[in-house]
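Numbers here are sequence positions counted from 1.
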Amino acid sequence: MNQLFFVLFVPLILVGSLSFISTDSGYLHLENSIQASRVGLNGPSQDGSGNPCPEGQFLDIAQSTCFPLAKNFGFQLDEFVGAFENRIFNLDECTGTALDELLDEMTPTGGTALLPECVIEIDHSMTIPSNVIFQGSGIDKTTLVASPDFTGNMLRGKEAENIIIRDLTLDGMGTDSTGIVVWYVRNVLIERVRVHHNGDNGITFRYATQITVRYSESHDHTRWHGINSKDCFPDNENVPDLEECREDAGETSPGVLWSRDYALYSNRLYNNGEYGINAHASFGEIAGNLVENNLYGSKFPDASFLWIHQNRFAQNHLWGTRSYNTLDRSARLAKDVVFYQNQFEENGDYPIRVTNPAQSIFIIDNQYQNNSENRLRIDDVTTFICPDTAESSLEVDGDAPQTATLDQCTLANIAELFELSTLYLPYINP
């Protein structure tokens, strides 16, 4: 599977590198382009590779094609450039001690940490400060390896902002660990990384905003998920209102009480103990990911205003994706979620399952093939489908969906329908 991933990416790298600065998305302001190129933000990475698609677009891995993103969610490059100082720090010795010293030296001014081609064994969490590019020499060229007795988070950003992590591999070696954790953070980009064989999760964000994970792999995590975001956990499964949730999290600068504003696109998430993607955060775009052979494909509980499109959910042992609630809070009601042109193939349960009290779920023009239950499961939820699509002839267990108006049957129109306004402010920071 890893060989397929890199075969897929190679033909597209040159196109992405040539067009990376010229965008139509407003993602990169013209006045920042010269400075951004100088510090390596928009050109090739340290090992000469780049991203396969221009800014404002994502790679649909299943089709090997670039498409436009629907929203400008997640990491904001212009904010990063405004706070960034171009100081270079080279790691000269491939030891955990040397890496600790380098990160200490970068605090508080920030800069670029350049890691050579080597293997670095670490025995404790490495904390990345604000305003930092943490850059290896390429996937499987720079590798952080957990020591045999490692516990905790291999890389973490905490109470920080403006962080880029890219071009490296993290190997959890089956230890009681998570690969990358960012919490109480703002404006973080994780790109071109491979995170694998952790005991818990691969990549986690909590109490966080403006997060992007793209062009990465997260796989073979024993207990939990490839990408995970959950701010609150039920304290008692029989009493879901009792939560392990820090009510003051929004006061922990620059954290927020409920994670929001994120983008997960063009990632491979496979062979994980539970979900490929488990995201409770709102205001997000999930596009072009390949989610295969996990226990479950994905779930989006307690989350509103999501654009989930052109992903492939295949050969997961149970359902492909699910939208529902775990928290009994009106402000966290799952609503206004779009599943658009995704592929669901050979999953061991329903391709899409939505459960009360979720509301306003749009299921538009997806593909369904050889799922164990090749039909929708809708439990007392208002859902909408479009005429003359696969859903209009698909069997449904539970409640019949409603037919959407034709002007609601494209991703662009749905994106306009869900534009942020004062009406939705309670969902931004309840």
**Message:** If you apply the rule side chain to side chain contact (heavy atoms under 4.5 Å, CB included), what do you find for Phe150 with Ile122, and how did you get there?
**Reply:** CA-CA 8 Å; Phe150 186 95; Ile122 59 174; 4.3 Å; yes

**Request:** Give the intermediate values and the outcome of side chain to side chain contact (heavy atoms under 4.5 Å, CB included) for residues His317 and Asn293.
**Result:** CA-CA 7 Å; His317 301 297; Asn293 201 37; 3.5 Å; yes

**Message:** If you apply the rule side chain to side chain contact (heavy atoms under 4.5 Å, CB included), what do you find for Val213 with Tyr265, and how did you get there?
**Reply:** CA-CA 7 Å; Val213 183; Tyr265 58 90; over 6 Å; no

**Request:** Please assess Val185 against Phe205 for the test side chain to side chain contact (heavy atoms under 4.5 Å, CB included), listing each intermediate value before the final yes or no.
**Result:** CA-CA 8 Å; Val185 297; Phe205 61 97; 5.7 Å; no

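A donor-acceptor pair under 3.5 Å is formed between the side chain of Asn342 and the backbone N or O of Gln310. Panel note: side chain Asp231, backbone Ser259; a donor-acceptor pair is recorded below 3.5 Å. Looking at Ser266, its side chain does come within 3.5 Å of a backbone N or O of Leu59 through a donor-acceptor pair. Using a distance-only test at 3.5 Å, with no hydrogens or angles considered, a donor-acceptor pair links the side chain of Asp60 to the main chain of Ala62. For Asp399 (side chain) and Asp380 (main-chain N/O), a donor-acceptor pair under 3.5 Å exists by modelled atom type. Side-chain atoms of Asp261 come within 3.5 Å of backbone N or O of Gly74 as a donor-acceptor pair. Without hydrogens or angle criteria, Asn311 side chain to Val291 main chain gives no donor-acceptor distance under 3.5 Å. In this structure a side-chain-to-backbone donor-acceptor pair under 3.5 Å is missing from Asn371 to Tyr350. Using modelled atom types, one side-chain atom of Asn366 and one backbone atom of Gln341 make a donor-acceptor pair closer than 3.5 Å. In terms of modelled atom types and a separation under 3.5 Å, the side chain of Thr175 and the main chain of Gly199 share no donor-acceptor contact.
The pair Arg214-Glu55 meets the salt-bridge criterion, since a charged nitrogen lies less than 4.0 angstrom from a carboxylate oxygen. Under the 4.0 Å criterion applied to side-chain N and carboxylate O atoms, Arg192 and Asp167 are assigned as salt-bridge partners.
At a threshold of 4.5 Å between non-hydrogen side-chain atoms, the residues Thr169 and His196 count as touching. Two residues are said to be in side-chain contact when any heavy atoms from C-beta on lie closer than 4.5 Å; Trp183 and Thr204 fail this criterion. Using a 4.5 Å heavy-atom threshold, the side chains of Thr209 and Phe283 count as separate. Two residues are said to be in side-chain contact when any heavy atoms from C-beta on lie closer than 4.5 Å; Trp224 and Thr178 fail this criterion. Here the side chains of Leu306 and Tyr262 are in contact, with some heavy-atom distance below 4.5 Å. Ser216 is not listed as a side-chain neighbour of Val195, based on a closest heavy-atom distance of 4.5 Å or more. Contact annotation: the side chain of His219 approaches that of Arg194 to within less than 4.5 Å [non-hydrogen atoms, C-beta and beyond]. Using a 4.5 Å cut-off on side-chain heavy atoms (C-beta onward), Thr321 and Phe339 make contact.
Screening residues 353-371 for salt bridge (Lys or Arg N to Asp or Glu O under 4.0 Å) gives no qualifying pairs among residues at least two apart or on separate chains.
Glu274 and His221 are not linked by any side-chain donor-acceptor pair at a separation below 3.5 angstrom, with hydrogens and angles left out of the test. Counting only N and O atoms by type, the side chains of Asp379 and Asn356 include no donor and acceptor under 3.5 Å apart. No hydrogens or angles considered: a donor-acceptor pair under 3.5 Å links the side chains of Glu346 and Gln315. Looking only at atom types and distance, the side chain of Asp176 has no donor-acceptor partner in the side chain of Thr151 under 3.5 Å away. For Thr127 and Arg156, the side-chain atoms include at least one donor-acceptor pair closer than 3.5 Å. Judged purely by distance below 3.5 Å, without hydrogens or angles, the side chains of Ser304 and Ser282 never pair a donor atom with an acceptor atom. For the residue pair Ser125/Asn153, the side-chain donor-acceptor check at 3.5 Å is not satisfied.
What you find for Met154 and Gly179 is that their closest heavy atoms are CB-O, 3.3 Å. Closest approach of Glu285 and Phe73 over heavy atoms only: N-CD1, 3.9 Å. Nearest heavy-atom pair, Cys66 versus Pro52, reported as atom, atom and distance to 0.1 Å: SG-O, 3.6 Å. Between Asn374 and Gln369, the shortest heavy-atom contact is OD1-N, 3.7 Å. The two atoms that bring Ile120 and Gly96 nearest to each other are CG2-N, 3.8 Å, heavy atoms only. Contact between Tyr340 and Cys409 at its shortest, heavy atoms only, is CE1-O, 4.3 Å.
For the atom pair CG (Asn198) and CG (Leu170), the distance works out to 7.5 Å, reported to the nearest 0.5 Å. Atom OH of Tyr275 is separated from atom NE2 of His225 by 7.5 Å, given to the nearest 0.5 angstrom. Annotation: the span from Ser218 atom OG to Asn272 atom CG amounts to 5.5 Å, rounded to 0.5 Å. Atoms CZ and OG, from Phe80 and Ser130 in turn, are 10.0 Å apart once rounded to the nearest 0.5 Å. Rounded to the nearest 0.5 angstrom, Phe313 CZ and Tyr368 OH are separated by 11.0 Å. Atoms CZ and CZ, on Arg166 and Phe134 in that order, are 12.5 Å from each other to the nearest 0.5 Å.
By the side chain to side chain donor-acceptor pair (under 3.5 Å) test, Ser229 pairs with no residue at all, sequence neighbours left out. Remark: Thr143 pairs with no residue by the side chain to side chain donor-acceptor pair (under 3.5 Å) rule, at least two apart or across chains. Qualifying side chain to side chain donor-acceptor pair (under 3.5 Å) partners for Asn325, counting only residues two or more places apart in sequence or in other chains: Asp302. Phe384 pairs by the ring pair (Phe, Tyr, Trp, His ring centres under 6.0 Å) definition with Phe362, not counting sequence neighbours. Taking Arg186 as the reference, Glu79, Glu161 meet the side chain to side chain donor-acceptor pair (under 3.5 Å) condition, with sequence neighbours excluded.
By the 6.0 Å and 45° rule, Arg332 stacks over the aromatic ring of Trp258.
Among Ile227, Leu189, Ile203, Val188, the single residue meeting the side-chain contact (heavy atoms from CB on, under 4.5 Å) criterion with Ile211 is Val188.
More than 12 non-hydrogen atoms from other residues, nucleotides or ligands lie less than 6.0 angstrom from CE of Met126. Residue-environment remark: CG (Asp388) stays at or below the threshold of 12 foreign heavy atoms within 6.0 Å.
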